[in-house]
Amino acid sequence: MKLLVLGGTKFLGRAVVEEALARGHAVTLFNRGVTNPGLFVDAEHLQGDRDGGLTALEGRSFDAVVDPSGYVPRLVRASAELLRAGGTQHYVFVSSISAYRSPLTPGFDERAPLATMERPTEEITGESYGPLKVACEQVVADVFPGAHATIRAGLIVGPHDPTGRFTYWPGRVDRGGEVLAPGDPGRRIQLVDVRDLGGWIVRVCEERAVGDFNSTGPASEMTMGELLESCRRVSESDATLVWVDDAFLLEREVGQWMELPLWLAGADAAMLQADVSRAVAAGLRFRPLDETVRDTLQWVRSGGAPGELASGLSSGEAGMRPDREAELLEEWRTRS
């Protein structure tokens with residue numbers, strides 16, 4: 001298979017390329033040559049820019065293209081139309097669970113209502129991210145009718161994650177001491193190892209699967225308590241989990257999702273309770289949670305993680321500052 005990856009050297013794109021090369025496919029990467037430019041000497045590298053710099057793709061044809069870097073509909077249309085005109089057969093677009101309209105119902109599937117844009121914008125913010133992804137999905141469906149797959153990914157985790165949205169927890173538990181554990185330990189959460197998702201996306205390309213897929217996991221239920229216990233077990237940490245209820249955290253304006261990763265309270269928690277049966281039926285599989293935690297922690301300990309994560313702290317992008325955590329735990333202990 002001749003496979004094109006738009007990007008291909010960062011996190012999910014990197015995992016797709018690694019798997020595709022391991023399976024013997026002919027892989028071409030198109031990117032600006034800025035992020036990890038030395039990766040993948042066995043792949044073809046085309047340099048350009050999605051915003052007005054697509055010349056290197058002109059006249060090129062591929063069996064499939066994977067687009068993990070599309071956020072702006074105008075730019076997605078430019079690359080999709082160029083590739084379609086050149087004879088590319090199949091387009092796999094990486095969207096997001098954020099494409100759905102809030103509030104969600106636990107167990108929502110791919111038929112749930114999608115987010116809409118209140119006003120036209122190309123600025124990517126917390127409010128516009130989901131609607132922009134929906135608009136990109138619609139562009140791909142328009143250009144590749146009947147020949148596209150939409151991957152609505154949940155929280156993608158594992159080694160090389162630049163965000164810290166999962167990495168915070170293995171690193172924090174590894175440091176030991178009292179760990180502020182948010183909300184209900186029995187609350188359901190979802191995530192997917194980047195290697196599982198990347199490998200499955202290659203399979204989607206091989207089989208030219210079509211349609212929309214909620215692409216997160218696991219296939220059975222996982223709870224926040226199980227995640228933190230896995231972190232403690234794998235790290236062999238002496239950490240003590242101090243469960244602090246939602247109301248206390250919300251009253252103190254603790255940030256959901258980013259300041260305390262994977263914590264969503266109230267109706268927002270349904271975003272981590274998607275029906276993934278369609279992706280599972282199409283071959284998405286999940287490695288054990290302990291393996292993901294172990295490999296992520298090893299990456300952190302080796303100094304591969306960005307910024308402060310390599311020291312076991314938050315990255316500045318996601319995670320709670322140690323001083324803020326200590327203050328909240330002290331107040332929790334002394335509350336009336």
Side-chain angles (χ1 to χ4, degrees), residues 3-23 25 27-43 45 66-71 92 94-97 151 153-174 189-205 215-218 227 230-231 234-235 257-258 261-262 284-319:
L3 177 67
L4 171 68
V5 181
L6 299 176
T9 59
K10 184 176 181 180
F11 203 35
L12 178 58
R14 177 176 182 163
V16 170
V17 173
E18 287 175 347
E19 183 67 18
L21 289 173
R23 295 192 193 189
H25 296 303
V27 180
T28 299
L29 283 68
F30 174 82
N31 54 51
R32 294 174 298 169
V34 174
T35 303
N36 299 319
L39 286 179
F40 305 126
V41 296
D42 294 331
H45 292 259
V66 176
D67 184 354
S69 59
Y71 303 96
V92 178
V94 180
S95 185
S96 171
I97 287 292
I151 309 299
L155 181 63
I156 308 172
V157 309
H160 308 295
D161 176 7
T163 71
R165 290 177 300 178
F166 170 81
T167 312
Y168 169 78
W169 288 116
R172 174 62 194 92
V173 173
D174 186 45
I189 62 170
Q190 288 179 310
L191 50 84
V192 60
D193 190 296
V194 66
R195 296 162 295 184
D196 296 333
L197 183 58
W200 176 65
I201 287 174
V202 175
R203 177 172 175 177
V204 167
C205 293
S215 307
T216 187
L227 169 61
S230 174
C231 292
V234 169
S235 66
W257 191 247
M258 294 302 287
L262 279 165
L284 180 57
R285 297 293 181 266
F286 310 98
R287 69 193 63 211
L289 177 60
D290 279 11
E291 182 178 339
T292 297
V293 170
R294 181 179 62 252
D295 293 349
T296 303
L297 185 58
Q298 182 178 358
W299 176 62
V300 171
R301 288 172 171 172
S302 70
E308 293 175 324
L309 279 175
S311 302
L313 305 178
S314 84
S315 67
E317 190 170 342

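Atom set for the values below is all heavy atoms of this structure, side chains included, hydrogens, waters and symmetry mates excluded.
What you find for Pro170 and Thr296 is that their closest heavy atoms are CG-CG2, 4.5 Å. The two residues Pro159 and Phe11 have their closest heavy-atom pair at O-CE1, 3.4 Å. When all heavy atoms of Asp161 and Trp299 are compared, the closest pair comes out as O-CH2, 3.2 Å. Taking every heavy atom of both residues into account, Pro68 and Leu6 meet most closely at CD-O, 3.2 Å. Nearest heavy-atom pair across Tyr168 and Pro261 is CD2-CD, 3.8 Å. A pairwise comparison of heavy atoms in Ser230 and Asp290 identifies OG-OD1, 2.5 Å as the closest pair.
Proximity of Leu155 to Arg165: side-chain heavy atoms (C-beta onward) are separated by under 4.5 Å at one or more points. Side-chain atoms of Ile201 and Val94, non-hydrogen and from C-beta on, do get closer than 4.5 Å to each other. The shortest side-chain heavy-atom distance between Trp169 and Val293 does not fall under the 4.5 Å cut-off.
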For Val16 and Val92, what are the C-alpha separation, side-chain angles and deciding distance, and is it a side-chain contact (heavy atoms from CB on, under 4.5 Å)? CA-CA 12 Å; Val16 170; Val92 178; over 6 Å; no
Quick one: do Trp257 and Leu262 satisfy side-chain contact (heavy atoms from CB on, under 4.5 Å)? Show the steps, please. CA-CA 5 Å; Trp257 191 247; Leu262 279 165; 4.3 Å; yes
Evaluate Val192 against Phe286 for side-chain contact (heavy atoms from CB on, under 4.5 Å), listing each step before the verdict. CA-CA 7 Å; Val192 60; Phe286 310 98; 4.1 Å; yes
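Between the Thr9 side chain and the Thr35 main chain, a donor and an acceptor come within less than 3.5 Å of each other. The main-chain N or O of Gly8 is never found under 3.5 Å from a side-chain atom of Asn31 such that the two would form a donor-acceptor pair. Judged by distance alone, with hydrogens and angles left aside, the side-chain atoms of His45 form a donor-acceptor pair with the main-chain N or O of Phe40 at under 3.5 Å. Judged purely by atom type and a 3.5 angstrom limit, Arg285 has no side-chain atom pairing as donor or acceptor with the backbone of Trp200.
To the nearest 0.5 Å, atoms CG (Leu29) and CZ (Arg14) are separated by 11.5 Å. Going from atom NE2 of His25 over to atom CG of Leu3 covers 7.5 Å, rounded to the nearest 0.5 Å. Atom OG of Ser96 and atom OH of Tyr71 lie 9.5 Å apart (nearest 0.5 Å). Distance CG/Leu191 to CG/Leu197: 11.5 Å, rounded to 0.5 Å. The distance from the CG atom of Asp174 to the CG atom of Leu297 is 4.5 Å, given to the nearest 0.5 Å. Here the CD atom belonging to Glu19 is positioned 9.5 Å from the CG atom belonging to Asp196, to the nearest 0.5 angstrom.
Remark: Arg294 engages Val234, Glu291 in a side-chain contact (heavy atoms from CB on, under 4.5 Å) (not counting sequence neighbours).
Summarising the local packing, CZ of Arg32 is surrounded by 12 or fewer heavy atoms from other residues, nucleotides or ligands at distances under 6.0 Å.
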